[in-house]
Amino acid sequence: MSNIIGLINYGIAGNIHSIKKAIEKAGGIVKIINHATEFESVGKIVIPGVGSFKDAMSELEKDGLITPLKEAIKSKPTLGICLGMQILATLGFEYGKTEGLDVIKAEVKPMLVDAKVPHMGFNTIDVIAPNKVLEGLENEEFYFMHSYEVVNYTNIASLSDYAGHKFVSSVHFNNIYGVQFHPEKSRQAGIKLFQNFIAL
Amino acid sequence: MNTRIIAKLDVKPPYVVKPVHFEGLRKIGTPLELAQKYYDQGADEVIYIDIVASLYQREILFDEIEKAANALFIPFGVGGGVQTIEDFSKLFHVGADKVILNTYAVQKNPDIINKAAEIFGNQAVVVNIEAKKWDTWWECYTDCGRIRSGKDVLAWVKEVEQRGAGEIILQSVDHDGRQRGFDKELAKKVVESVQIPVVVTSGAGSLENIKELIEYAKPSGVAIASLLHYNKYTINDIKEYLRSVGIKVSK
């Protein structure tokens, strides 16, 4: 299988620059995917995400990427980052109710916490179920920047704590990985996470 | 939660400068050199503000921003002269993670906050406040502390939160660059007025100033310029000190 990592580019909200740069720093080769026809040439998928759940799904739909993306995710190792992890879920509740890619059985809801939201800054992760992408990163800190969280999910890889509130900070299910934090913004620990993903 | 320690670059392209009282600029270095330096020192984020773009009414200089962004694997907030959704788009494209608004939102069109938040998400839209203290209130200034707006800071911060901003950067026109301590009352009032994170800047002259601010106002982050620019302390020195007095910061 091709060793190239396909980075999904959807709409004006996609902030792919920093993710591309971090994957390259980790030694990976990146191909930006704009069209359905481009999935074939890549061996792995990274779904970035900046923006709202609703906007992300409507941009993917507009670009005709939903069906080919769901197809690719079935076999290719996939990493969803922040909103890119959230849209893997069944339903999102940001700016109304929106259907997600439904790859993982979960819903995305506002963080209910007695503290400032968005949750922003470096935080630790508590690994519940170890996996290859998180290998060697158990004691590291990662950068979080989000107002919504994934709930009702059973394949939790790690939890994090924000002001006493435990939330899902990463998931893992077969070939699919999702992280709520931003590895591309998490110094050397984030680069290491991409190296782990590249080595899969 | 860890208090974020952030390096702030005030840029008058092609140099990072340090205004005293928002006046009397001193050249410090290039944005790229300093972004790299503060990243290596352990900064949690870097903020880049083109302090003359609005005043001179000129285009944002994207090349300078991209160069600095390329050195960073931590969040990079960029502002100065932002007026359109296209500006947001271009800034994200060259590597900004958050875009910082001030003059245009305060003086002309606050709706840009709503529009940007809906497209890019609240977390990516930051409002910068330049507060000037009067007898009984603080007024929002713009254009690097030169132009009045008539807007009350405490009312404005609530409004920007309502409109969808995800974070506030709070500067004090009176304290900026003087290294004599923060306007702690202002900081506390703003932090308590909103649910979104507040990053406080303007005034760090000593490690104790930073500690006192964090203990008194409980901001989500502190942005520091002069102390770092003049090599009085590194980010790591600041974090080590804060840890030693019981304040939580990241590694």
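All figures in this text were calculated on a predicted structure; none of them were measured in a lab. So that the names make sense, note that chain A is the first sequence line, chain B the second, and so on, each numbered from 1. Quick note: numbers below take in every heavy atom, side chains included, and nothing from hydrogens, waters or symmetry partners.
To the nearest 0.5 angstrom, Glu94(A) atom CD is 10.0 Å from Glu118(B) atom CD. Between the CG atom of Asn122(B) and the CE atom of Met120(A) there is a distance of 8.5 Å, given to the nearest 0.5 Å. In this structure, Phe144(A) CZ and Gln123(B) CD are separated by 14.0 Å, a value rounded to the nearest 0.5 Å.
Counted within 6.0 Å of CD on Glu99(A), heavy atoms from surrounding residues, nucleotides or ligands total 12 or fewer; the atom is thus considered open. Residue Glu61(A) places its CD atom among 12 or fewer non-hydrogen atoms of other residues, nucleotides or ligands, all under 6.0 Å distant. Counting heavy atoms of neighbouring residues, nucleotides and ligands inside a 6.0 Å radius, atom CG of Asp111(B) exceeds 12 of them. Environment of NZ in Lys115(B): sparse, with no more than 12 heavy atoms of neighbouring residues, nucleotides or ligands closer than 6.0 Å. Taking a 6.0 Å sphere around NZ of Lys97(A), one finds it holds 12 or fewer heavy atoms contributed by other residues, nucleotides or ligands. Shown here is Glu212(B), whose CD atom has more than 12 heavy atoms of other residues, nucleotides or ligands within 6.0 Å. In the displayed structure, Lys158(B) atom NZ is contacted under 6.0 Å by at most 12 heavy atoms of other residues, nucleotides or ligands.
Contact of Lys25(A) with chain B is made through the side chain alone, with heavy-atom distances under 4.5 Å. For Val194(B), the parts lying near chain A are the backbone and the side chain together; criterion is any non-hydrogen pair under 4.5 Å. In this structure, chain A has a heavy atom under 4.5 Å from the side chain of Asn2(B), while its backbone stays farther away. Neither the backbone nor the side chain of Ala56(A) has a heavy atom closer than 4.5 Å to any heavy atom of chain B. For a residue to count as touching a neighbouring chain, one of its non-hydrogen atoms must lie under 4.5 Å from one of that chain's; by this rule Ala43(B) touches chain A with the backbone only. Using a 4.5 Å cut-off between heavy atoms, Ala163(A) does not touch chain B at all. For Phe88(B), no part sits under 4.5 Å from any heavy atom of chain A, backbone or side chain. There is no contact between His182(A) and chain B, counting heavy-atom distances below 4.5 Å. Heavy atoms of Tyr143(A) lying under 4.5 Å from chain B belong exclusively to its side chain.
Contact record, Phe122(A) with Ile74(B): CZ-CG2, 3.9 Å, taken as the closest heavy-atom pair. Gly95(B) and Lys185(A) get closest at one heavy-atom pair: O-NZ, 4.5 Å. Contact between Pro118(A) and Pro197(B) at its shortest, heavy atoms only, is O-CG, 3.4 Å. When all heavy atoms are compared, the tightest approach of Met1(B) to Asn123(A) is SD-ND2, 4.4 Å.
Checked by atom type and distance alone, the side chain of Lys21(A) pairs as donor or acceptor with a backbone atom of Leu72(B) at under 3.5 Å.
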Checking Asn70(B) against His17(A) for the side chain to side chain contact (heavy atoms under 4.5 Å, CB included) test, could you report, in this order, the C-alpha distance in whole Å, the side-chain angles of both residues, the deciding distance, and whether it holds?
CA-CA 9 Å; Asn70(B) 281 334; His17(A) 176 279; 3.4 Å; yes
Run Met145(A) and Glu45(B) through side chain to side chain contact (heavy atoms under 4.5 Å, CB included) and show every step you take.
CA-CA 12 Å; Met145(A) 187 163 95; Glu45(B) 290 177 38; over 6 Å; no
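Residues of residues 186-200 of chain A having a heavy atom under 4.5 Å from any heavy atom of chain B, listed by number: Ser186(A), Arg187(A), Gln188(A), Ile191(A). Identified by a heavy-atom distance below 4.5 Å to chain B, the contributing residues of residues 130-141 of chain A are Asn139(A), Glu140(A), Glu141(A), in residue-number order.
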